[in-house]
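A quick write-up on the structure given underneath.
Numbers for residues simply follow the sequence, beginning at 1.
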Amino acid sequence: MNDQLIRVISDEANVRAMACLTTATVREACARHRTSPTASVALGRALTGAALLGALLKGRQRVALKFEGNGPLGKIVVEADPMCLVHGYVGNPAADLPLKDGRFDIPGALGRAGLLTVTKDLQLKSPYQGVVNLVSSEIAEDIAYYLTESEQTPSAMGLTAIPDEHGGIAVAGGFLIQSLPPANEAALDTLTGRIKNLPPLARLFHEGASPKDILDRIFGDIPFEILGHQDVAFHCGCSRDRIEQALITLGPTEIRSLAERAEDTTVTCEFCREPYAFTPDDLRRLADERH
């Protein structure tokens, strides 16, 4: 099954919901960054959460999430757009911790003290930014807390990413449920109970469940309408031109200093690890253009 996201709405429960499979997307990101198993799980959850938030946007809008903690992972930065194109990275891709009670210790890796910063480019004069404390460092709970507290939209989120025995990603995916005003408290209680009793997401996806199957389990006898499907994919918008523009901001003096080196200067994109090599002649040209 290709990576895909489904969007639905339930008039009876007055909620909107999404679920997605992101295995191939997360697999590519983790392969590019050569992440350890623990870092892969953390990055996979964050990328999946970003895809779900990106699907709430329109047009050329974008969302960026930055998790900053006091653990060895350092930080997680992910971005997404309405087309569910995502990319991201972790501060320390080699950070790895032993399992804790049979689970990946993401709170220990990220750190229990820290912040989640959500930045939305809504194509207005300035981006919207919200900041909340990390409440559990489990990624899903932190995003749901942000949506509930900062955006005043009661939300529940589930995310999973599980490595395989070869160090890749076996499965990744997640769901997001959001209450719409006025809240249907009885329906929300029912949905909350079903989410709590849901089998592990990793197991469901590994057994072949589709994103719709996940929502079918959560909604049960509560009817919902499918609004649409979208593919999910890893995509980075970096290019040689963008890297050149970044180099130009260093100023002519610093660029000429780099040009004095005998070897090429290689700039690597943080989000996708794509390298861009610049010869001394390339750098002198940039310095002259800047001047």
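Looking at every heavy atom in both residues, Q4 comes nearest to D231 through NE2-OD1, 4.1 Å. Taking all atoms of both residues into account, the shortest heavy-atom contact from L43 to A29 is CD2-CB, 4.3 Å. Nearest approach of Y276 to C238, heavy atoms of both residues: OH-SG, 3.1 Å. Between P280 and A259, the shortest heavy-atom distance links the atoms CB-O, 3.3 Å. Closest heavy-atom contact between P163 and P37: CG-O, 3.8 Å. Across all non-hydrogen atoms, the minimal contact from G44 to V26 is CA-CG1, 3.4 Å.
For the atom pair CG of L215 and OG of S10, the computed distance is 11.0 Å after rounding to the nearest 0.5 Å. Here CZ of R112 is found 7.5 Å from CD of E138. Values are rounded to the nearest 0.5 Å. Distance check, rounded to the nearest 0.5 Å: CZ of R32 to CD of E28 gives 4.5 Å. From Q245, atom CD reaches atom OG of S239 across 9.0 Å, with rounding to the nearest 0.5 Å. Between atom CG of residue L5 and atom OG1 of residue T48 there is a gap of 10.0 Å, rounded to the nearest 0.5 Å. One finds the CG atom of L73 at 11.0 Å from the CG atom of D105 (value rounded to the nearest 0.5 Å).
In this structure, E254 contributes its side chain and G251 its backbone to no donor-acceptor pair below 3.5 Å. Using a distance-only test at 3.5 Å, with no hydrogens or angles considered, a donor-acceptor pair links the side chain of N92 to the main chain of A94. Side chain of E151 to backbone of T148: no donor-acceptor contact under 3.5 angstrom is found. With hydrogens and angles ignored, the 3.5 Å screen pairs a side-chain donor or acceptor of D142 with a backbone N or O of V135. For the pair S257 (side chain) and T253 (backbone), a donor-acceptor distance under 3.5 Å is absent. With hydrogens and angles ignored, the 3.5 Å screen pairs no side-chain donor or acceptor of R7 with any backbone N or O of G228. Judged by distance alone, with hydrogens and angles left aside, the side-chain atoms of T190 form a donor-acceptor pair with the main-chain N or O of A186 at under 3.5 Å.
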Checklist line | Derivation of the side-chain contact (heavy atoms from CB on, under 4.5 Å) call for I106 and L97 | finding: CA-CA 8 Å; I106 305 306; L97 294 179; over 6 Å; no
Next item on the list: Show your working on side-chain contact (heavy atoms from CB on, under 4.5 Å) between Y89 and C269 and close with a plain yes or no.
Entry: CA-CA 10 Å; Y89 66 93; C269 175; over 6 Å; no
Item checked: Evaluation steps, side-chain contact (heavy atoms from CB on, under 4.5 Å), between R45 and V41 -> CA-CA 6 Å; R45 291 182 186 177; V41 172; 3.5 Å; yes
Item checked: Verdict with supporting geometry, T119 and V63, side-chain contact (heavy atoms from CB on, under 4.5 Å) -> CA-CA 6 Å; T119 304; V63 62; over 6 Å; no
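The shortest side-chain heavy-atom distance between M157 and L52 falls under the 4.5 Å cut-off. Looking only at side-chain heavy atoms (C-beta outward), I162 and F205 stay at 4.5 Å or farther from each other. The shortest side-chain heavy-atom distance between L110 and I139 falls under the 4.5 Å cut-off. Counting heavy atoms from C-beta outward, L21 and S210 have side chains that stay 4.5 Å or more apart. Taking 4.5 Å as the limit, some side-chain heavy atom of L53 sits within range of a side-chain heavy atom of I143. Between S155 and L176 the shortest side-chain heavy-atom distance falls below 4.5 Å. With contacts defined as side-chain heavy-atom distances shorter than 4.5 Å, the pair N14/S179 does not qualify. With a 4.5 Å cut-off on side-chain heavy atoms, Y145 and L134 do not count as touching.
A salt bridge does not link R285 with D288: none of the charged nitrogens is closer than 4.0 Å to a carboxylate oxygen. Under a 4.0 Å N-O distance rule, the pair D216/K212 qualifies as a salt bridge. Contact check on R256 versus E260 returns no salt bridge, with no Lys/Arg side-chain nitrogen under 4.0 Å from an Asp/Glu carboxylate oxygen. The pair R16-E225 does not meet the salt-bridge criterion, since no charged nitrogen lies less than 4.0 angstrom from a carboxylate oxygen.
A cation-pi contact, defined as under 6.0 Å to the ring centre and within 45° of the axis, links R240 to F278.
Defined by atom type and a distance below 3.5 Å, a donor-acceptor pair is missing between the side-chain atoms of D3 and T22. Side-chain atoms of T153 and Q178 include no donor-acceptor pair closer than 3.5 Å. T279 and D282 share a side-chain donor-acceptor pair at under 3.5 Å.
In this structure, H87 and F234 have perpendicular ring planes: the angle between them is above 60°, well past the 30° mark. Using bins of under 30°, 30° to 60° and over 60° for the plane-to-plane angle, the ring pair F219/F224 lands in the tilted bin.
Hydrophobic clustering, with ILVMFWY side chains joined whenever heavy atoms are under 4.5 angstrom apart, groups F104 together with L159. V171 and V232 sit in two unconnected hydrophobic clusters of ILVMFWY residues. Membership requires side-chain heavy atoms under 4.5 Å apart, directly or through other members. Note: the hydrophobic cluster containing L180 does not contain V8 (ILVMFWY, side chain heavy atoms under 4.5 Å, direct or indirect links). Hydrophobic cluster membership differs between I169 and F175, with clusters built from Ile, Leu, Val, Met, Phe, Trp and Tyr side chains linked at under 4.5 angstrom. Neither L115 nor V90 shares a network with the other; the hydrophobic side chains, linked directly or stepwise wherever heavy atoms of I, L, V, M, F, W or Y lie under 4.5 Å apart, form separate groups for each.
In R194, the CZ atom is crowded: over 12 heavy atoms of neighbouring residues, nucleotides or ligands sit closer than 6.0 Å.
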